[in-house]
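A short write-up of the structure that comes next.
Both ligands and their constituent atoms are indexed starting at 1 by order of listing. Only a predicted model underlies this, so the values are computations on that prediction, with no experimental measurement involved.
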Amino acid sequence: MRFDIVTLFPEIFDAVTRHGVTARACQRGLWQMHAWNPREVTTDAHRTVDDRPYGGGPGMVMLADPLIKSVQRARAARAEAGALQAAPVILLSPTGRRFEQSMARDLASSEGAILICGRYEGVDQRFIDACVTDEWSLGDFVLSGGEIGALAIVDATVRLLPGALNHGQSAVQDSFDAALSGMLDCPHYTRPEVYEGQAVPAPLLSGHHAQIARWRREQSLRITAQRRPDLIAAARAAGTLSAQDERFLAERGLAPTED
Ligand code: 4HQ
């Protein structure tokens, strides 16, 4: 798997190549990253990458030409390295499709992508028309650049690669990934057994696997019903709520009503 990142700030991506699960996966050869700086393909004395918007208004717009040349460089390098598929060219943009786990899963079973990180007010539309295949957003808020979105995509994808997590973590990953596709996670506790007068819930200390699993399931159901009733409705539609789950929700008045 390979990510090519078009960015004015390549150092930001040290965050994923130097730290934690993604760094270890990189050392294990499971993925690689290459950054392409549009400033490096400029030819003018000032190395210009942006200009004022036609029609006026605040801020600057990234020039199409250095972005197009950067994507061409990324494509050529991927082909040189033996990539078989044409990589998607994904622009981070608040007008894009909201990034979610299923998109990370799809990317994880592909050869990767070329991620475009804009700065300033955005990028010239003619670059988007010529090169971009997908526009993705982290959510409904405004960042100062696409880099944090690209980091999120790389991180969420790389941790799904087979062998990225250590042995003990892969089971965790399965349940977490499965949990994410349905229900919010339950609370977690570790030592000490009592912290500032707050005890660990008794079922977790019982040693009875079935009792622990039921407690966790009920906590997930409770938290999900309170915070994300849309996920409860989706789970019900998908048929992943058991009769026992439905009884738990109904008894506590947590079953979302039709409205
Ligand atoms: N951007 N999800 C980059 C975002 C954003 C988001 C605004 C993209 C600024 C230059 N990126 N431009 N939301 O807010 O990914």
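- Between the side chain of S110 and the backbone N or O of G112, at least one donor-acceptor pair lies under 3.5 Å.
- Within 4.0 Å of ligand 1, protein heavy atoms belong to L92, S93, P94, G118, R119, Y120, S137, L138, G139, F141, V142, L143, G145, G146, listed by chain and number.
- A salt bridge links D245 to R214: at least one charged side-chain nitrogen sits closer than 4.0 Å to a carboxylate oxygen.
- Judged by distance alone, with hydrogens and angles left aside, the side-chain atoms of E111 form a donor-acceptor pair with the main-chain N or O of L84 at under 3.5 Å.
- Salt bridge absent: D155 and R159 never bring a charged side-chain N and a carboxylate O closer than 4.0 Å.
- In this structure a side-chain-to-backbone donor-acceptor pair under 3.5 Å is present from T42 to R39.
- Annotation: salt bridge (Lys or Arg N to Asp or Glu O under 4.0 Å) contacts of R78 (sequence neighbours excluded): D4.
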